[in-house]
Amino acid sequence: MNPELLQAINGHLELEFEAFYTYAAMSHWLDLNDLPGFASWMRDQSTEELAHAQKFIDHLLERDQHPVLPAIAKPPTKWESVTALVTEVHESEKLVTKAISDLCDFADKARDRPAQILLQWFVSEQVEEENMVQALLGRLRLVGDSGVGLLMVDQELSQGKVAGAMIEPAGE
Ligand code: FEO
């Protein structure tokens, strides 16, 4: 594998692991704030991020390349509000989308077909993830960030839905 591409993929692992860790911390905070639907949704997002990191690692190992695991920063323990938390998730996903796009450029430059195919999956995944978080933010804008409205959104998430649409299982 082209050394620059290998270094870029290894560097990208940090973003995926950080999202895994931060989303887990978010899930805990939501749980402690009596929002089981949000907490469960966030836990699923956290698990997905770990799966993303693993997908990159597996790709490197299959190609006899060495994955280098990053140090992961300690995540926050609380958030100002649910909207602030979901906005942070949205920002994080936009950052990952940009990073995946940069990886695509590396893979194109290296004419690395297997990496291009792997990254294509991530391009589609990011469209889905950003879309889902945007829908959730839209819901919160409509109902507000407290009281009955928030409980309604929490209940939707408990039923596996965001803004009335079923959440797609990871990787589909
Ligand atoms: Fe792995 Fe949500 O980006």
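Remember, it's 1-based here, ligands and their atoms both numbered in the order they're listed.
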Discussion item. Between Q116 and D112, do the side chains contain a donor N or O and an acceptor N or O under 3.5 Å apart?
Written reply: no
Worksheet item: Q126 side chain to E93 main-chain N or O, any donor-acceptor pair under 3.5 Å?
Response: yes
Fill in: Between T47 and Y23, a side-chain donor and acceptor under 3.5 Å
no
Worksheet item: Do side-chain atoms of N10 reach the backbone of H66 as a donor and acceptor pair under 3.5 angstrom?
Response: yes
Worksheet entry | Heavy-atom donor-acceptor pair, N33 side chain to W29 backbone, under 3.5 Å | yes
Worksheet item: Hey, would you say the H59 and W121 ring centroids sit under 6.0 Å apart?
Response: no
Item to complete: For atom 1 (Fe) of ligand 1, check which protein N, O or S atoms are under 2.8 Å away and list them.
Response: E16 OE1, E49 OE1, H52 ND1
